Protein chains: 2
Amino acid sequence: MAETVTSDALRDAGLRATRQRTTVLDALRGRAEAITAQDLHGELRAAGEPVGLTTVYRTLSSLADAGLLDAFPRDGEQAFRLCSDDHHHHLICEACNRVDEITAEEVERWVDSVASRRGFRVTGHRADVFGVCSDCGRA
Amino acid sequence: MAETVTSDALRDAGLRATRQRTTVLDALRGRAEAITAQDLHGELRAAGEPVGLTTVYRTLSSLADAGLLDAFPRDGEQAFRLCSDDHHHHLICEACNRVDEITAEEVERWVDSVASRRGFRVTGHRADVFGVCSDCGRA
DNA sequence: GTTGTTGCAAAGAATTTGCAACATA
DNA sequence: TATGTTGCAAATTCTTTGCAACAAC
């Protein structure tokens, strides 16, 4: 398969490939943990890749709208993480904020059956598991 | 079964039964929709039951801590709703904010199996379905 | 009477918006 | 060059805190 080029991913999302957006998206690549706009801004600044806080907010929001990121409410903040295209669920480590994606046929079946039983038209669902990942639990 | 008296419920939660807290908890009873602190404050004020906004925030927070309320992130806000004692999931109507509780053995089993397969120590999980309830869909 | 509670005003914190300078296509 | 983007400062919005008056037990 072809390497996913950051600038192409941005253009696919209908966004111009600016230095700032490329920086943000690259910073998200290969990261297992979800991160907030504030934290990411701090990291970029520390790494000498200055991007305005406003731009970080706007970029994360655009990428999430485009379906490239999942958003996780954490305290009063939104944390973001790159995600796959298809529907999935999450295993969220509360110690390191690592997020693993999982697919779950049984959950999809459950959603369908509950909804049809109740005359509920489903627009979405979320099934996330919180806890401590094996790495953190080992400590 | 005994009627649940509001003041008793408050005392069970370790809170003094003040007029304000009784008012808030009573306003939550029999309500199918989740409501935010701001909205509830406005409603109480309109109903001539003045309770300070700060107190509404504090009361909702205490009740949620005591396990009497479920919290739902909605846009940038927290919405609350009375909930049952035992573990459950939700069917959330995005049109009227109504929340129905559902139990789901299959979800519990799924959580256990995923966690054990991955060496993940579970502290909690959440499985909510979003959509439009039968009442709203009929409109 | 003690101790927890209220509510105002002020502080805090996350996020959004206006707008002029600027970069991308 | 035309249009989208940036980033600062300022504004918004939700939520929390300090503190003196007050109410529950």
Side-chain angles (χ1 to χ4, degrees), chain A residues 5-27 34-66 68-69 71-81 97, chain B residues 5-27 34-66 68-69 71-81 97:
Chain A
V5 180
T6 302
S7 52
D8 289 352
L10 286 169
R11 273 185 286 263
D12 287 352
L15 303 170
R16 284 190 181 174
T18 64
R19 173 184 63 77
Q20 290 88 334
R21 297 214 263 235
T22 304
T23 302
V24 166
L25 188 43
D26 278 339
I35 190 168
T36 62
Q38 304 272 356
D39 287 350
L40 181 52
H41 176 250
E43 256 189 39
L44 295 176
R45 169 161 300 236
E49 294 271 26
V51 179
L53 177 57
T54 307
T55 299
V56 174
Y57 270 108
R58 282 194 278 231
T59 301
L60 292 176
S61 176
S62 301
L63 294 176
D65 285 350
L68 274 72
L69 306 183
F72 303 89
R74 188 196 294 168
D75 303 296
E77 290 174 82
Q78 290 289 110
F80 297 88
R81 185 177 176 287
N97 291 316
Chain B
V5 180
T6 302
S7 53
D8 289 352
L10 286 169
R11 272 184 287 261
D12 287 351
L15 304 169
R16 285 190 182 175
T18 65
R19 171 184 64 78
Q20 289 89 335
R21 297 213 263 235
T22 305
T23 302
V24 167
L25 188 44
D26 278 339
I35 190 169
T36 62
Q38 305 270 357
D39 288 349
L40 181 50
H41 175 249
E43 257 191 37
L44 293 177
R45 169 161 302 235
E49 295 269 27
V51 178
L53 177 58
T54 308
T55 299
V56 175
Y57 270 107
R58 281 193 279 229
T59 300
L60 292 176
S61 176
S62 301
L63 294 176
D65 285 350
L68 274 71
L69 306 183
F72 302 89
R74 188 196 293 167
D75 303 296
E77 289 175 82
Q78 290 289 112
F80 297 87
R81 186 178 175 286
N97 290 316

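Bear in mind the structure is a predicted one, so any value in this text is a computation, not a measurement. Protein chains get the first letters and strands the later ones, always in sequence-line order, with residue 1 at the start of each. The analysis underlying the following values was restricted to heavy atoms, covering all of them including side chains, and did not include hydrogens, waters or symmetry mates.
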* Structure fact -> Per nearest nucleotide of DNA chain C, the residue lying toward the 5' end, B:Thr54 or B:Arg21, is B:Arg21

Between [atom2] of [N] and [atom1] of [X], the distance in whole Å:
{"X": "B:Leu25", "N": "C:dT5", "atom1": "CG", "atom2": "P", "result": "15 Å"}
{"X": "A:Leu10", "N": "D:dG4", "atom1": "CG", "atom2": "P", "result": "16 Å"}
{"X": "B:Leu60", "N": "D:dC14", "atom1": "CG", "atom2": "P", "result": "14 Å"}
{"X": "B:Leu53", "N": "C:dT6", "atom1": "CG", "atom2": "C1'", "result": "13 Å"}

* To do: Give me the one residue out of B:Thr22, B:Thr23, B:Asp26 that meets side-chain hydrogen bond (donor to acceptor under 3.5 Å, both in side chains) with B:Thr6.
  => B:Asp26

Quick check: closest heavy atoms across [X] and [Y], and the distance to 0.1 Å?
{"X": "A:Gln78", "Y": "A:Ala71", "answer": "NE2-CB, 3.2 Å"}
{"X": "A:Ala17", "Y": "A:Leu10", "answer": "CA-CD1, 4.0 Å"}
{"X": "A:Val51", "Y": "A:His41", "answer": "O-CD2, 2.9 Å"}
{"X": "A:Ala13", "Y": "A:Leu68", "answer": "CB-CD1, 4.4 Å"}
{"X": "B:Ala37", "Y": "B:Val56", "answer": "O-CG1, 3.6 Å"}

* According to the side chain to side chain donor-acceptor pair (under 3.5 Å) rule, which pairs have a member within residues 52-64 of chain A, sequence neighbours left out? -> A:Gln38-A:Tyr57

In Å and rounded to the nearest 0.5 Å, what is the [atom1] to [atom2] distance from [X] to [Y]?
{"X": "A:Leu69", "Y": "A:Ile35", "atom1": "CG", "atom2": "CD1", "result": "11.5 Å"}
{"X": "B:Leu15", "Y": "B:Ser7", "atom1": "CG", "atom2": "OG", "result": "12.0 Å"}
{"X": "B:Leu63", "Y": "B:Arg21", "atom1": "CG", "atom2": "CZ", "result": "8.0 Å"}

Under 3.5 Å between N/O atoms: give me all the protein pairs with nucleotides 12-14 of chain C, atom names plus distance.
none

* Just compare C:dT6, D:dT15, D:dC8 and give me whichever is closest to any side-chain atom of B:Arg58. => C:dT6

* Ignoring hydrogens and angles, tell me if any N or O in the side chain of B:Arg74 forms a donor-acceptor pair with the backbone of B:Ala34 under 3.5 Å. => yes

* Give the angle between the helix axes at the two ends of the helix from C:dG1-D:dC25 to C:dA25-D:dT1, taking five base pairs at each end and rounding to 10°. => 50°

* **Proximity to DNA chain C (any heavy atom under 4.0 Å), residues of residues 40-51 of chain A only** => none

* Structure fact -> residues 43-54 of chain B vs salt bridge (charged side-chain N to carboxylate O under 4.0 Å, His left out), sequence neighbours excluded, gives B:Arg31-B:Glu43

Collect all protein-nucleotide pairs involving nucleotides 22-25 of chain D in which both atoms are nitrogen or oxygen and the distance is under 3.5 Å.
| unit_1 | atom_1 | unit_2 | atom_2 | d |
| --- | --- | --- | --- | --- |
| D:dA24 | N3 | B:Arg16 | NH1 | 3.0 |
| D:dC25 | OP1 | B:Arg11 | NH1 | 2.8 |
| D:dC25 | OP1 | B:Ala17 | N | 3.4 |

